[in-house]
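These notes concern the structure reproduced below.
Numbers here are sequence positions counted from 1.
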Amino acid sequence: MAYNLCSSPSSPSPDHLLFCNSLSAPRLLNLTRYHSLPKPKKSISISPHSKPSLQITHVSTQNPFSAQTPSPNQNPDHKTGSSSKTHIWVNPKNPRASQLRHKSQTSRYDSLVKVAGLLNSCNALEKDVYSILGELGYKIVEQDAVIVLNNMSNPNTAPIVLKYFQERIKLNREGILYNVTLKVFRKCKDLDRAEKLFDEMLERGIRPDNVTFSTIISCARLCSLPKKAVEWFEKMPSFGCEPDDVTFAVMIDAYGRAGNVEMALSLYDRARTENWRIDAVTFSTVIRIYGTSGNFDGCLNVYEEMKALGVKPNLVLYNTLLDAMGRAKRPWQVKTIYKEMLNNGFTPGWATYAALLRAYGKARYGEDAISVYREMKEKGMELNVVLYNTLLAMCADVGFTDEAIDIFEDMKSSENCKPDSWTFSSLITVYSCCGKVSEAEDKLNEMLDAGFEPNIYVLTSLIQCYGKANRTDDVVRTFNRILELGITPDERSCGCLLNVMTQTPKEELVKLTGCIEKANPKLGAVVKLLVEETNIEGDIFKSEAGELLDSIGADVRKAYCNCLIDLCINLNLLERACELLDLGLTLEIYTDIQSKSPIQWSLHLKSLSLGAALTALHIWMNDLSKVLEDGEELPSLLGINTGHGKHKYSDKGLAGVFESHLKELNAPFHEAPDKVGWFLTTKVAAKSWLESRRSHEVVAA
């Protein structure tokens, strides 16, 4: 949309030419630093019959003026302004060449720029400012004022300069002077002065235009005051100003940062439809909006749209996208985006590394997170408490004990970063999972000395630590401490007690039963039925267990069910274990344990505890035996998938334990050389073994 500041009469005066240009808003409004504008064009008119006059054919309130020679395509006989004289070339060998150049508009422009420089560095006193401006003489015109103000960057002297010109020049377009003065305040990120100058405009009866509002809006944006930007944007209609595409595009960012997501996305949809020019900062805001709302695919779509439009991403956008993918738990995409960022020549900054640490830490990509940490240290970058705690929590999750100790010592040596309660909590968890009692107790004492009280997470970790060390009395003492501190045991602490029971000798289980009854009566009732080996008729146990599993959160159901089955196996209560596994399948706590195809039947145990896996194997083998009894055929291949991972704090994995168990059963399953974690057997071998097993059971009966 073009905004004509005036009409062009047939014979405009030189003073009038400045405002006789049809200035489009995109050229006037350089609302972000990412949009470059063409340099303003000027023409030099040297007449042998008259003094040189300054004639500028384009003035932008966004860019400084620069003196240029006429375009090669310009007609040298073209008449400009009130002067109908022909432009002439000055011979540099002419004895008067130096004098002619001195009188040219280039010299005049340079002198005005020098004046602006002096005004930028002088005291903000009227006498000092007026003294400098007095050197311009009395024949100053409106164009001179625009050039001086447009090249200024001192918000203290600019209002005095504006006042000087208002007092000495008959202004035809006073609004232009206000706009270039507003630009000075925008350069200095001084929104308060910009708003006061706007009020002065209204008091003097000067009507603000699109440039006025765009300059103030961009100033608010540079000041990181998006709500102010929105406020000024919404004032435009009341002054008869219609925002252009550039302003609308800028407001996507402003509305997004101000929290008005609906308006931001609405403008973004409109921008896509109407092909507005959007900068990387605005795309970054849209990505952040989608990331905050959990629409992570939307983040990637915006990124691809940006690249398709030819907009080059900046470092802020990459950081925003990395952070979004980290919260989405998509570390593989984080790696891809980071690699693309490096290939495009960007150097990662602190914010980049922080996003990588959060992403890898949350996803438990231990090696990658430690690599990023070491790279930061090599570059002399300091971590804050949050990043240190992120690393330590990840180390606790993946079992990086040595790395956690090194990171903690580095944190303590930092001048600007000291451990907090979460730091000690993660470190105590690391030691607790390893069963290192003395180290965990030392860190607890260090935590107390630092003035931090242990929370439920710390005390739960200590319960786990004492349980691994078979120090049942200390488990009970720590649990009682939770109650004494007025802390209500949560589902995690109850699950930890239940897990400790699976590692506790049978004769000491009664000590822990009382703790569990206090923490969760429903869980206590189920555990008591198992520990006391109560002879229950019918489905009473299964009903009690079902009520318990229905009453707890979905995130802990599998852990509870696994521990209860493990406890049953330890107590040699296979029937109860089978009931619990069946209940877990019914409630869809366990899914996809079995799979069948025409050529292979498989048992999948990767998500099960050892006790639950052994129970599932027992049931599966009984099912296979029943198939044979019913005269049906087995497939040509049978497989058991245990996975190939090891426990993070143990050298043992389910595959290793299962291999030993299958040998004890004399089962014909052997680890597949080309499929790690798989144990396979043929139909013939399985049938022979199952029949042999059935005959032994008959003899034993």
Side-chain angles (χ1 to χ4, degrees), residues 425 428-429 431-445 454-536 540-541 544-545 547-549 551-552 556-557 559-577 579-580 609-612 647 649-650:
S425 176
I428 290 170
T429 299
Y431 287 126
S432 297
C433 291
C434 298
K436 295 183 177 181
V437 176
S438 60
E439 289 87 346
E441 290 178 336
D442 288 343
K443 282 293 167 282
L444 175 63
N445 292 330
N455 54 27
I456 186 65
Y457 302 105
V458 170
L459 296 173
T460 299
S461 294
L462 285 173
I463 287 174
Q464 183 179 22
C465 185
Y466 290 131
K468 280 184 171 290
N470 290 323
R471 291 171 54 169
T472 308
D473 291 337
D474 287 323
V475 171
V476 176
R477 176 178 57 80
T478 305
F479 175 78
N480 289 334
R481 187 175 182 180
I482 292 176
L483 300 181
E484 290 166 3
L485 290 172
I487 301 173
T488 302
D490 59 7
E491 291 180 339
R492 181 176 176 272
S493 58
C494 292
C496 183
L497 279 171
L498 192 57
N499 181 262
V500 168
M501 290 192 77
T502 65
Q503 307 167 57
T504 302
K506 183 177 180 179
E507 58 273 12
E508 294 191 333
L509 287 176
V510 66
K511 297 179 181 179
L512 299 177
T513 303
C515 295
I516 290 182
E517 283 185 298
K518 293 178 184 177
N520 186 329
K522 286 187 177 181
L523 177 60
V526 174
V527 169
K528 194 172 182 180
L529 289 174
L530 296 176
V531 172
E532 295 180 358
E533 299 184 25
T534 307
N535 188 13
I536 307 172
I540 295 179
F541 172 77
E544 292 278 347
E547 287 184 16
L548 166 69
L549 295 173
S551 68
I552 59 178
V556 297
R557 283 181 184 175
Y560 274 45
C561 205
N562 277 340
C563 286
L564 287 171
I565 294 174
D566 287 350
L567 184 59
C568 290
I569 296 300
N570 292 346
L571 296 173
N572 200 26
L573 299 173
L574 183 57
E575 185 178 349
R576 295 283 180 253
E579 289 177 347
L580 285 167
S609 63
L610 177 58
H647 192 277
Y649 289 100
S650 173

> Of all residues at least two apart in sequence or in a different chain, which pass the salt bridge (charged side-chain N to carboxylate O under 4.0 Å, His left out) check with Asp490?
Replying inline: none

>> On a heavy-atom basis, which atom in Gly524 and which in Glu517 lie closest, and how many Å separate them?
In response: CA-CG, 3.8 Å

> Which pair of heavy atoms, one from Gly435 and one from Cys465, lies closest together, and at what distance?
Replying inline: C-SG, 4.1 Å

> Measuring from Leu549:CG to Leu523:CG, what's the distance to the nearest 0.5 Å?
Replying inline: 9.5 Å

> Residues two or more places apart in sequence or in another chain: which of them pass side-chain hydrogen bond (donor to acceptor under 3.5 Å, both in side chains) with Asp474?
Replying inline: Arg471, Arg477

> To the nearest 0.5 Å, how far apart are OH in Tyr431 and CG in Leu444?
Replying inline: 13.0 Å

> At what distance, to the nearest 0.5 angstrom, does NZ of Lys518 lie from CG of Asn480?
Replying inline: 5.0 Å

>> Going by the rule side-chain contact (heavy atoms from CB on, under 4.5 Å), which residues pair with Pro505 if we only count those two or more places apart in sequence or in a different chain?
In response: Asn470, Glu507, Glu508

> If you round to the nearest 0.5 Å, how far is CG of Leu574 from CD1 of Ile565?
Replying inline: 10.5 Å

>> Taking side-chain hydrogen bond (donor to acceptor under 3.5 Å, both in side chains) as the definition, give me every residue that meets it alongside Glu547, ordered by chain and number, with sequence neighbours left out.
In response: none

> With Asp473, which residues qualify under side-chain hydrogen bond (donor to acceptor under 3.5 Å, both in side chains), at least two apart?
Replying inline: Lys511

>> The criterion is side-chain contact (heavy atoms from CB on, under 4.5 Å); which residues satisfy it with Glu491, sequence neighbours excluded?
In response: Ile552, Asp555, Val556, Tyr560

>> Do Phe479 and Val475 have side chains that approach each other closer than 4.5 Å (heavy atoms only, starting at C-beta)?
In response: no

> Does Gln503 reach the main-chain N or O of Asn499 with its side chain, forming a donor-acceptor pair under 3.5 Å?
Replying inline: yes

> Which residues satisfy the side-chain hydrogen bond (donor to acceptor under 3.5 Å, both in side chains) test with Asn520, sequence neighbours excluded?
Replying inline: none

>> Going by side-chain contact (heavy atoms from CB on, under 4.5 Å), name the residues that satisfy it together with Asp566, two or more places apart in sequence or in a different chain.
In response: Thr502, Ser609

> How far does CG of Asn455 sit from CG of Leu485, to the nearest 0.5 angstrom?
Replying inline: 10.0 Å

> Is there side-chain contact between Arg576 and Leu571, with at least one heavy-atom pair below 4.5 Å?
Replying inline: no

>> Strictly by salt bridge (Lys or Arg N to Asp or Glu O under 4.0 Å), give each pair with a member in residues 497-506 just once, sequence neighbours left out.
In response: Lys506-Glu533

>> Holding to side-chain contact (heavy atoms from CB on, under 4.5 Å), I want the full list of residues that pass it with Leu610, two or more places apart in sequence or in another chain.
In response: Leu614, Leu654, Val657

> Could you give the distance from CG (Leu530) to CG (Asn570), rounded to the nearest 0.5 Å?
Replying inline: 11.0 Å

>> Please list all pairs meeting salt bridge (Lys or Arg N to Asp or Glu O under 4.0 Å) that have one or both residues in residues 478-488, counting only residues at least two apart or in different chains.
In response: none

> If every non-hydrogen atom of Leu567 is compared with every non-hydrogen atom of Met501, which pair is closest and at what distance?
Replying inline: CD1-O, 4.0 Å

> Does the side chain of Leu462 reach to within under 4.5 Å of the side chain of Ile428, using non-hydrogen atoms?
Replying inline: yes

> Can a donor-acceptor pair be found between the side chains of Ser493 and Thr460 at a distance below 3.5 Å?
Replying inline: no

>> Give me the atom names and distance for the closest heavy-atom approach of Cys434 to Lys468.
In response: C-CD, 4.4 Å

>> On a heavy-atom basis, which atom in Ile463 and which in Cys496 lie closest, and how many Å separate them?
In response: CG2-SG, 4.0 Å

